[in-house]
Amino acid sequence: MTTLTPVLTENWDRPDSFTLDGYGDYGAARKALRMDPDAIIQSVKDSGLRGRGGAGFPTGLKWGFIPQGDGKPHYLVVNADESEPGTCKDIPLMMANPHSLVEGVIITSYAIRASHAFIYVRGEVLHVIRRLRAAVQEAYDRGFLGTDILGSGYDLELVVHSGAGAYICGEETALLDSLEGYRGQPRLKPPFPAVAGLYACPTVINNVESIASVPSIVENGAGWFASMGTEKSKGFGIFSLSGHVTRPGQYEAPLGITLRELLDMAGGIRAGHELKFWTPGGSSTPIFTAEHLDVPLDFESVGAKGSMLGTRALQIFDETTCVVRSVLRWTEFYAHESCGKCTPCREGTYWLKQVLKRLEKGQGTEEDLGTITDIADNILGRSFCALGDGATSPIHSSVKHFRDEYLKHFEIGGCPFDPAASTVWGNA
Amino acid sequence: MTYSPEVRERLERDAKEIIGRYPKTRSALLPLLHLVQSEDGYVTDDGQEFCAEMLGLTKAEVVGVSTFYTMYKRRPVGEYHVGVCINTLCAVMGGDQIWEELSEHLGVGNDEATTDGRVSLERLECNAACDFAPVMMVNWEFFDNQTPASAKQLVDDLRDGKEISPTRGPKKLCSFKEASRVLAGLPDGLAGDGPSAAGPSLEGLKIARANGWKAPSKEETE
Ligand SMILES: Cc1cc2nc3c(=O)[nH]c(=O)nc-3n(C[C@H](O)[C@H](O)[C@H](O)COP(=O)(O)O)c2cc1C
Ligand code: SF4
Ligand code: FES
């Protein structure tokens, strides 16, 4: 049986967890500043840490792409935009334990030889922004940031930057444009940010949880981190359970834990109901059903079953939930958030929304199922960034697993479900 | 430019401080737009002109940016800007019903404000608090685990001028303008208020503690 491994969440039940007193003395940063920067990069490579923002790119490898001795400024940008539907781990992490992120920023910036770092945080989380800024200020006051950090001769400035409401700004190159003061639209790659990122300089962009995991690796060693998780998906991660589950919340566990194990801990599906469908890693990852309860939640195993580990945003829906309604709502989200830069996504998400609306009202035909599949086929792989691809995940996977439920809508000329039965208070 | 000299002077002081944090000035545009909202309650013409002047941009460049982001409002919002998450997870858990009842209760629709200017409503996308569904936000503070009744009570209390505390946030809810100042990057000293974590955020940790589960120690893995 897999058990929980609180590391990042370990101090969250302390009332002062968001202060230095409740966090610790930056022992990992002290240690790192005495190390050769390349040795830190090597250690993160050896740990097997892969990006926690969704795609799972090896973190140490990404850092290694930063050209050294090029005479240009280097930047670290932390992606704290957390807006993928279902994803709710970075926000409580920064609320309760912002110092793990700040310490991670110091170590990472030192390793990639950056002297300016940014945390780009979505704007709609005021108290999290306060906590981050207060932690940064505390770190400055104690000499962990600024000039000649802890007498090491190393200088680092860290700025907390608030976004202004746009899911697309979580896409790393759109984030950079936004941080430069432009509309947040993705850039053509290559060049990759490691070569030409912020202000056209070498830039590392990492997720909050990726960076916050770094101090524990420096402190305990690559072998410690790699002792958790599976062969190719090392370490721990925060799994976020939401929806029709008895005890929703944040569960920090080794990668490779299964939904069945997590549900056991969380008291199962809410009383009197059963699992119908779930997302392994946010709305952009194809939905799973009860047949996937034992899939190890690591990058390879989830991928082999046709979905993606994504952000470990486990949105759980029981048998009262209408799949068509759910997919329509996600599709409305993608249509709303499409930045408009490329045609397949801009037009495709608009049409998907129109056809799904018809289907949900029971006014569609079987042909419409072909239509949404075709539109999704035309977006997937043809859009400029991964937002468009993500929009097709709910479509393809729901038609695959729940074709009959779509058919049922137009057989009876409406939705066969009572939305009241799905609500928290409707659980009578 | 119609800001009074005193206001203008204060805004310029704040703006210069913010601009000074960035290696390139244009990066300060998003914060400055939040700053303008903290003065005017929305992104005004004057505000955009002010941003343009401070950053050496044209007004058209500023407008091109401000219209891209949903948090910049083109007309005045209420003193309390109330959002209901209607993304799938919250919608299914009751957010749709909350939205319908609240909108009817106040007689306002999406992006509209009550005639007394106290409360405005917005349909929100996922606000990264799904484990607290159904979720509402007021001036971007968390109001977790809402019901139609609690939502209506909340807006009534806001309109009556009662003191309100967010679920995870400061003791006293700020106004929209005060919140915008924090977003611009200017501290209000309230970071220490409120819990570290609450409810669902602690669920896994509680279970780990009850079972004595821990991450392996460094020594075990050497
Ligand atoms: C539409 C879209 C939204 C994204 N949103 C986020 C986000 O909010 N946070 C995040 O860390 N990564 C997000 N990503 C992934 C980033 O582009 C990038 O891969 C990630 O920040 C890299 O960090 P990591 O390697 O540490 O995971 C998003 C990607 C896309 C296409
Ligand atoms: S896929 Fe969508 S979000 Fe991405 S660039 Fe194209 S229009 Fe913009
Ligand atoms: S769906 Fe409402 S907070 Fe995530």
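Residue numbering restarts at 1 for every chain, and letters A, B, ... go by the order of the sequence lines. Atoms considered below: every heavy atom in the structure, side chains included; atoms not considered: hydrogens, waters and symmetry mates.
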So which part of A/E252 gets closer than 4.5 Å to some heavy atom of chain B, the side chain, the backbone, both or neither? neither
Closest contact, heavy atoms only, A/V125 versus B/N127: CG1-ND2, 3.8 Å
Flag side-chain contact, heavy atom, 4.5 Å: A/M228 against B/P216: yes
Between A/I168 and chain B, with a heavy-atom cut-off of 4.5 Å, which part of the residue counts as in contact: side chain, backbone, both or neither? side chain
Rounding to 0.5 Å, atoms CZ (A/R122) and CH2 (B/W140) come to a distance of 8.0 Å
Among the listed options B/P170, B/P166, B/C85, B/A91, the residue most often paired with chain A at heavy-atom distances under 4.5 Å: B/P170
Could you check if a side-chain atom of A/E84 sits within less than 4.5 angstrom of a side-chain atom of B/C126, using non-hydrogen atoms only? no
Counting heavy-atom pairs under 4.5 angstrom with chain B, the leader among A/A164, A/G249, A/S242, A/G165 is A/A164
Proximal component of A/C322, with respect to chain B [non-hydrogen, under 4.5 Å]: neither
Counting heavy-atom pairs under 4.5 Å with chain B, which one of A/F118, A/W12, A/F18, A/Y182 comes out on top? A/Y182
Shortest non-hydrogen contact between A/G243 and B/L89, atoms and distance: CA-CD2, 3.6 Å
Minimum-distance pair of heavy atoms, taken over all atoms of A/N220 and B/K218: O-CG, 3.6 Å
Intermediate values then yes/no, side chain to side chain contact (heavy atoms under 4.5 Å, CB included), B/S27 and A/Y199: CA-CA 10 Å; B/S27 282; A/Y199 313 127; 2.5 Å; yes
Residue A/Y167 versus chain B: region with a heavy atom under 4.5 Å: neither
Could you tell me which portion of B/Q146 (side chain, backbone, both or neither) has an atom closer than 4.5 angstrom to a non-hydrogen atom of chain A? backbone
In Å and rounded to the nearest 0.5 Å, what is the SG to CD1 distance from B/C130 to A/I91? 10.5 Å
Nearest-0.5 Å distance, CD of residue B/E125 to CD of residue A/E337: 5.5 Å
Taking the basic N atoms (NZ, or NE/NH1/NH2) and the acidic carboxylate oxygens, is any pair closer than 4.0 Å for A/D13 and B/R209? yes
Has the side chain of B/S196 got a donor or acceptor atom that lies under 3.5 Å from a matching backbone atom of A/P15? yes
Region of B/S66 that comes under 4.5 Å of a non-hydrogen atom in chain A: neither
One option among A/S83, A/P419, A/A135, A/S17 has the most heavy-atom pairs under 4.5 Å with chain B, and it is A/S17
Is there side-chain contact between B/D96 and A/R325, with at least one heavy-atom pair below 4.5 Å? yes
Below 4.5 Å, heavy atoms only, C-beta onward: do B/L205 and A/Q250 meet side chain to side chain? no
Can you find a pair of side-chain heavy atoms, one from A/E332 and one from B/I86, that are under 4.5 Å apart? no
Applying a strict 4.5 Å limit to non-hydrogen atoms, the region of B/A129 in contact with chain A is backbone
Point-to-point distance, once rounded to the nearest 0.5 Å, from CD1 of B/I207 to CE of A/M265: 7.5 Å
Closest contact, heavy atoms only, A/A166 versus B/Y69: CB-CD2, 3.9 Å
To the nearest 0.5 Å, what is the distance between OH on A/Y120 and CG on B/L30? 5.5 Å
Inter-residue atom distance A/E124.CD - B/T70.OG1, 0.5 Å rounding: 6.0 Å
Mark yes or no for whether A/R133, through its side chain, and B/V182, through its backbone, hold a donor-acceptor pair below 3.5 Å. yes
Min side-chain heavy-atom separation B/L183-A/L126 under 4.5 Å: yes
Under 4.5 Å to a heavy atom of chain B? For A/I129 that would be side chain
Answer key: most heavy-atom pairs under 4.5 Å with chain B among A/P254, A/S227, A/A253 is A/S227
Portion of B/C174 that has a non-hydrogen atom of chain A nearer than 4.5 angstrom: side chain
What residue, out of A/Q137, A/H116, A/H127, A/K89, has the most heavy-atom pairs lying under 4.5 Å from chain B? A/H127
Among B/A208, B/P134, B/A197, B/G169, who wins on heavy-atom pairs under 4.5 Å with chain A? B/G169
For the candidates A/G86, A/G223, A/A134, A/G22, which exhibits the highest count of non-hydrogen atom pairs separated by less than 4.5 Å from chain B? A/G86
Can you give me the closest heavy-atom contact between A/R131 and B/A191, atom names plus distance? NE-O, 2.7 Å
Taking the side chain as C-beta and beyond, is there a heavy-atom pair between B/F68 and A/S178 under 4.5 Å? no
Indicate yes or no: at least one non-hydrogen side-chain atom of B/P23 is less than 4.5 angstrom from one of A/Y75. yes
Can a donor-acceptor pair be found, under 3.5 Å and without considering hydrogens, that links the side chain of B/T88 to the backbone of A/S326? yes
Whether the side chain of B/R26 engages the backbone of A/G181 through a donor-acceptor N/O pair (distance < 3.5 Å, no angle test) should be reported. yes
Checking A/F236 against chain B: side chain, backbone, both or neither under 4.5 Å from a heavy atom? neither
Using the side chain to side chain contact (heavy atoms under 4.5 Å, CB included) rule, pick out the option among A/Q315, A/H244, A/R329 that qualifies with B/V92. A/H244
Contact part of B/N145 toward chain A, heavy-atom cut-off under 4.5 Å: side chain, backbone, both or neither? neither
Side chain / backbone / both / neither for A/F239 at chain B, heavy atoms under 4.5 Å: neither
Between B/K214, B/E141, B/M93, B/K24, which shows the greatest number of heavy-atom pairs under 4.5 Å with chain A? B/M93
Can you name the nearest heavy-atom pair linking B/P31 to A/H161, along with the distance? CD-CE1, 3.6 Å
Side chain from CB out, backbone as N, CA, C, O: work out which of these in A/D90 comes under 4.5 Å of a heavy atom of chain B, or both, or neither. neither
